[in-house]
K.L.:
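Could you have a look at this structure, given as structure tokens, before my questions?
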Amino acid sequence: NILVSSFYPRRFFSIMELVRINRVHIAYILLESGMNKQDFALNKILTIPNFLSLFRLVLAFAFWHKYTNAANANDVMLAVFYLVLSGITDILDGKIARRFNMVSELGKILDPVADKITQGMIMIALIGRFPFIVVELVLFTIKQTYMSIAGILILKRVRENLGARWYGKMNTVILYGCSIFMILWYTMPVNVGNILILISCVSILFTFIMYFNEYQRILRLNKSTRNL
């Protein structure tokens with residue numbers, strides 16, 4: 001409702017209305033990005049990499065549920081197994097897509113969405129043990145919201161999917177590394193966890209600044225080109 005209200009202010013929507021509205025907007029965004037009819041073909045949607053990305057979404061929520069309701073060490077290890085399986089599928093979907101020519105525009109969207117939702121679920125799951133991680137979650141949400149809005153503008157104006165930069169990949173490694181360490185060390189002191197959270201926050205801020213400068217540069221360049 002928050003996202004849709006930017007298009008339709010001062011109105012609250014039912015679930016079915018949101019589904020219908022979002023289908024229209026997603027189709028519009030994809031078309032504006034330069035996709036043609038072939039990109040909507042079933043063989044570009046119903047692919048193994050896309051199914052793997054969707055499976056990772058399921059695993060993210062399965063991890064959150066199992067970890068937050070863990071009654072013993074076995075439950076924690078099962079939650080960790082879900083994360084490991086998610087990481088394996090993340091590697092496999094990219095390799096399969098490139099090896100068997102299954103790269104699709106939908107896959108380019110699903111893959112990072114699955115990554116970010118997994119990271120968000122990990123942070124939410126750790127709130128009970130490390131309340132300070134709420135700060136990291138807020139920064140993470142602000143960064144992703146900006147990148148989503150700016151990414152849509154760039155797709156619309158430049159018709160280019162920028163993809164991940166080196167600092168984005170570095171940030172992903174840091175966030176996953178710190179989070180998994182906090183999960184595996186179940187008796188980790190809160191102060192130690194707070195230090196790891198602080199490192200993650202610095203990484204998020206650095207990445208946000210880098211992406212902000214990059215996106216603004218591209219939008220300014222596009223505006224200057226259109227004015228010529």
K.L.:
Going from OG on Ser200 to CZ on Phe132, what distance comes out if it is rounded to the nearest 0.5 angstrom?
P.N.:
10.0 Å
K.L.:
Specify the closest pair of heavy atoms between Asp75 and Lys66, including all atoms of both residues, with the distance to one decimal.
P.N.:
O-CG, 3.3 Å
K.L.:
Measure the spacing between CG of Asp111 and CG of Asp90 and express it to the nearest 0.5 Å.
P.N.:
5.5 Å
K.L.:
In the single-linkage hydrophobic clustering (I, L, V, M, F, W, Y; side-chain heavy atoms under 4.5 Å), do Ile209 and Leu175 co-cluster?
P.N.:
no
K.L.:
Which value, rounded to the nearest 0.5 Å, describes the distance between Thr89 atom OG1 and Leu52 atom CG?
P.N.:
6.0 Å
K.L.:
For the backbone of Ile199 and the side chain of Ser203, can you confirm whether one donor and one acceptor N or O come within less than 3.5 Å of each other?
P.N.:
no
K.L.:
Working to the nearest 0.5 Å, report the span between CE of Met210 and CG of Asn171.
P.N.:
12.0 Å
K.L.:
Would you sort out whether Val190 and Asn194 count as a side-chain contact (heavy atoms from CB on, under 4.5 Å), showing the intermediate values?
P.N.:
CA-CA 6 Å; Val190 174; Asn194 288 343; 3.6 Å; yes
K.L.:
Counting only heavy atoms not in Ile127, do more than 12 sit closer than 6.0 Å to its CD1 atom?
P.N.:
yes
K.L.:
Using the rule that Ile, Leu, Val, Met, Phe, Trp and Tyr join whenever any side-chain heavy atoms are under 4.5 Å apart, tell me whether Met77 and Phe63 fall into a single cluster.
P.N.:
no
K.L.:
Determine yes or no for a side-chain-to-main-chain donor-acceptor pair under 3.5 angstrom, with Ser86 supplying the side chain and Tyr82 the backbone.
P.N.:
no
K.L.:
Looking at every non-hydrogen atom in both residues, tell me the closest pair between Ala150 and Tyr215 and how far apart they are.
P.N.:
CB-CD2, 3.1 Å
K.L.:
Report yes or no: does Arg129 contribute a side-chain atom to a donor-acceptor pair with the main-chain N or O of Tyr186 at less than 3.5 Å?
P.N.:
yes
K.L.:
Where do Ile122 and Ser179 come nearest, in terms of heavy atoms and distance?
P.N.:
CG2-CB, 3.4 Å
K.L.:
What closest approach, in Å, do Pro49 and Met102 show between heavy atoms, and which atom pair accounts for it?
P.N.:
CD-SD, 3.6 Å
K.L.:
Nearest 0.5 angstrom please: Asp93 CG to Arg98 CZ, how far?
P.N.:
8.5 Å
K.L.:
Would you say the side chain of Arg56 lies within less than 4.5 Å of the side chain of Ile88, judging by non-hydrogen atoms?
P.N.:
no
K.L.:
Flag yes if Leu196 and Val202 sit in one hydrophobic cluster, no otherwise; membership is Ile, Leu, Val, Met, Phe, Trp, Tyr, and two members link when side-chain heavy atoms are under 4.5 Å apart.
P.N.:
no
K.L.:
Taking the six-membered ring for Trp, are Phe206 and Trp166 parallel (under 30°), tilted (30 to 60°) or perpendicular (over 60°)?
P.N.:
tilted
K.L.:
With the 4.5 Å side-chain cut-off for hydrophobic clustering, are Leu198 and Ile204 part of the same group?
P.N.:
no
K.L.:
Ignoring hydrogens and angles, tell me if any N or O in the side chain of Tyr211 forms a donor-acceptor pair with the backbone of Arg165 under 3.5 Å.
P.N.:
yes
K.L.:
If I compare all heavy atoms of Thr118 with all of Ala60, which pair ends up nearest, and what's the gap?
P.N.:
OG1-CB, 3.7 Å
K.L.:
Ring-plane angle category for Tyr146 and Phe212, please: parallel below 30°, perpendicular beyond 60°, tilted otherwise.
P.N.:
tilted
K.L.:
Quick check: do Met188 and Phe181 have side-chain heavy atoms less than 4.5 Å from each other?
P.N.:
yes
